[in-house]
Amino acid sequence: MNPIPPNQQQALVERLMQACGGGYPPQTRRKHFITGPQWAASYQGQALFHAPTRTPISFDDVIREYAKIGIGYWCTHDTDVVPTEQLGKEGQSQIVARIQKSLSEHGLKCSMVTTETFFHAVFAAGPAAEAPEIREYAAFRVRNTVDIGHELGAQFAVYWPGSLGYYTQGAIDEADSLRWYADALNAACERDIDVAGKKKRPTLKHCLEAKPFEPQAEILLPTSDAMLAFISSGLLKHPEMVGLNPEYLHELMWGGAPRAALARALLAGKLWHFDINDGYRLKHDVDIGVGLVNPLDWLNVLVLLRAHGYNGPFNLDFKPPRTTSNHGVFAVSFPSAVDRFITLWEIAGDVREDPIIREATDALRAGAGAPPGADAKAIHEANKELLTLHELIGHRLVQILLGLHRGRTYSA
Ligand code: GLT
Ligand code: MN
Ligand code: MN
């Protein structure tokens, strides 16, 4: 193949993307509660060992491009859009007004706001550090984010505690730190009750997000389960206002099964928001686009969520790879992530309707009808042929994922 000069590369990417097919029109994409973060689209590819590969883009660019793609909702950290020194000041009001204008011009809604309590040097020892003034500042930040959320019409606030943890063991008292972290959430909920009352709006849903490693060496709330325990620890003044924002990859990172973590959150009535992405077990937070690594697991996650009527946001919390250009972020990264999600969502619907899976599942649930009081051996004997259906269901799920249930075979 001949070299492709720079001025022909975007056209090539677009032609091949077109040739991939399998895309949905924006109006179909908008039917889903898919949310696009400001930070994901504006991520420049920088990380611990990496210089940026992309140039900065503004919230106007992100909102406009999300609108074109058909991503109906936008979300942000406070400092993704407001410089730290302007927080809570006049400059913030002006920026928030410009965001409102941009959202309404492009027909998007703000679904969620979140507070950055991990990047700025003030949070070097975390948002619940020993010094009272750091904690007071953290409380100001989360209260201020609640204000921004109500201004922008958000329904959700997310908290990734980030640096709640330590590098040097023994330097902090974990129990005190957790109490202090609860104080910040209490401050946010109390401000929310106040502002919501004044604005005659519902209070926000406050959603905790766990990540097992990064950016501290040890993390105090590393999993969604730890957060469930924290919510019901008695430290929160309004536990009913606080739920979870699990991230698919963050559960996988510690070696857990995301589907089981989601099931535990569902049973607790706390699955309110969901960060969707992909990656690898027991590795760092690679934030790859949904379905690129574990499509079968993702299919099963969505079958579970459909079965239990999850109707919260699906937040595209992935990072376009460093190898993707500014143009590629909106030409390939976001539309392809949305379309893989929708396809997997639809396939999950097929799974739930599939007569073979349905009959097999019903049969397993009916059991063999062994008489009451039968001993262990007799119960197993009675059921053992039925139990083969587990593997058959697994086979059928792969068939449905690959389209083989529609009669597609390969000539050998
Ligand atoms: C950061 C983190 C994400 C969180 C964001 C919300 S910040 O990018 O890695 O998983 O969802 O604070
Ligand atoms: Mn996340
Ligand atoms: Mn992540």
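Side-chain atoms are counted along with the backbone in the values below, which use heavy atoms only and exclude waters and symmetry mates. Whatever order the structure lists them in is the order used to number ligands and atoms, beginning at 1.
Under 4.0 Å from ligand 1, not a single heavy atom of N245 appears. When non-hydrogen atoms are compared, ligand 1 lies under 4.0 Å from neither the backbone nor the side chain of H273. No part of Y159 comes within 4.0 Å of ligand 1, judged by heavy-atom distances.
Expressed to the nearest 10°, the angle at the Mn ion (ligand 3) joining OD1 in D285 with NE2 in H250 is 90°. Rounding to the nearest 10°, we obtain 90° for the angle at the Mn ion (ligand 3) between D287 OD1 and E247 OE2. Angle OD2(D275) to the Mn ion (ligand 2) to OE2(E209), rounded to 10°: 100°.
Listed by number with element, the atoms of ligand 1 under 4.0 Å from a non-hydrogen atom of H250 are 10 (O).
At least one N/O-N/O distance between D275 and ligand 1 falls below 3.5 Å.
The side chain to side chain contact (heavy atoms under 4.5 Å, CB included) with R322 is formed by just one residue from the set Q44, Q46, H50; it is H50. Residue S224 forms a side chain to side chain donor-acceptor pair (under 3.5 Å) with just one option from H250, E251, E247, E209, and that option is E251. For the side chain to side chain donor-acceptor pair (under 3.5 Å) with Y248, the qualifying choice from D297, D287, D275 is D297, the only one to do so.
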Checklist entry - Given the rule in the side-chain contact (heavy atoms from CB on, under 4.5 Å) test, do D285 and K211 qualify, once you have shown the distances and angles that lead to the verdict? => result CA-CA 8 Å; D285 194 15; K211 167 146 77 175; 2.5 Å; yes
Checklist entry - Could you go step by step and tell me if S336 and R340 meet the side-chain hydrogen bond (donor to acceptor under 3.5 Å, both in side chains) rule? => result CA-CA 6 Å; S336 67; R340 286 190 304 277; 3.3 Å; yes
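Shown here for R30 and A67, the closest heavy-atom pair between the two residues is NH2-O, 3.2 Å.
Between R64 and D61, at least one side-chain N (NZ, or NE/NH1/NH2) sits under 4.0 Å from a carboxylate O, which counts as a salt bridge.
Nearest-residue assignment for atom 4 (C) of ligand 1 (options H77, E209, M112, E116; heavy-atom criterion): E209. When the heavy-atom distances from atom 1 (C) of ligand 1 to F119, W160, Y43 are ranked, the shortest goes to W160.
Counting only heavy atoms of the protein, atom 9 (O) of ligand 1 lies nearest to K211 NZ, 3.1 Å. In this structure, atom 3 (C) of ligand 1 lies nearest to the protein heavy atom D317 OD2, 3.1 Å.
The N, O or S atom of D317 with the smallest distance to the Mn ion (ligand 2) is OD2.
Classified by interplanar angle (parallel below 30°, tilted 30° to 60°, perpendicular above 60°), the ring pair F314/F341 is tilted.
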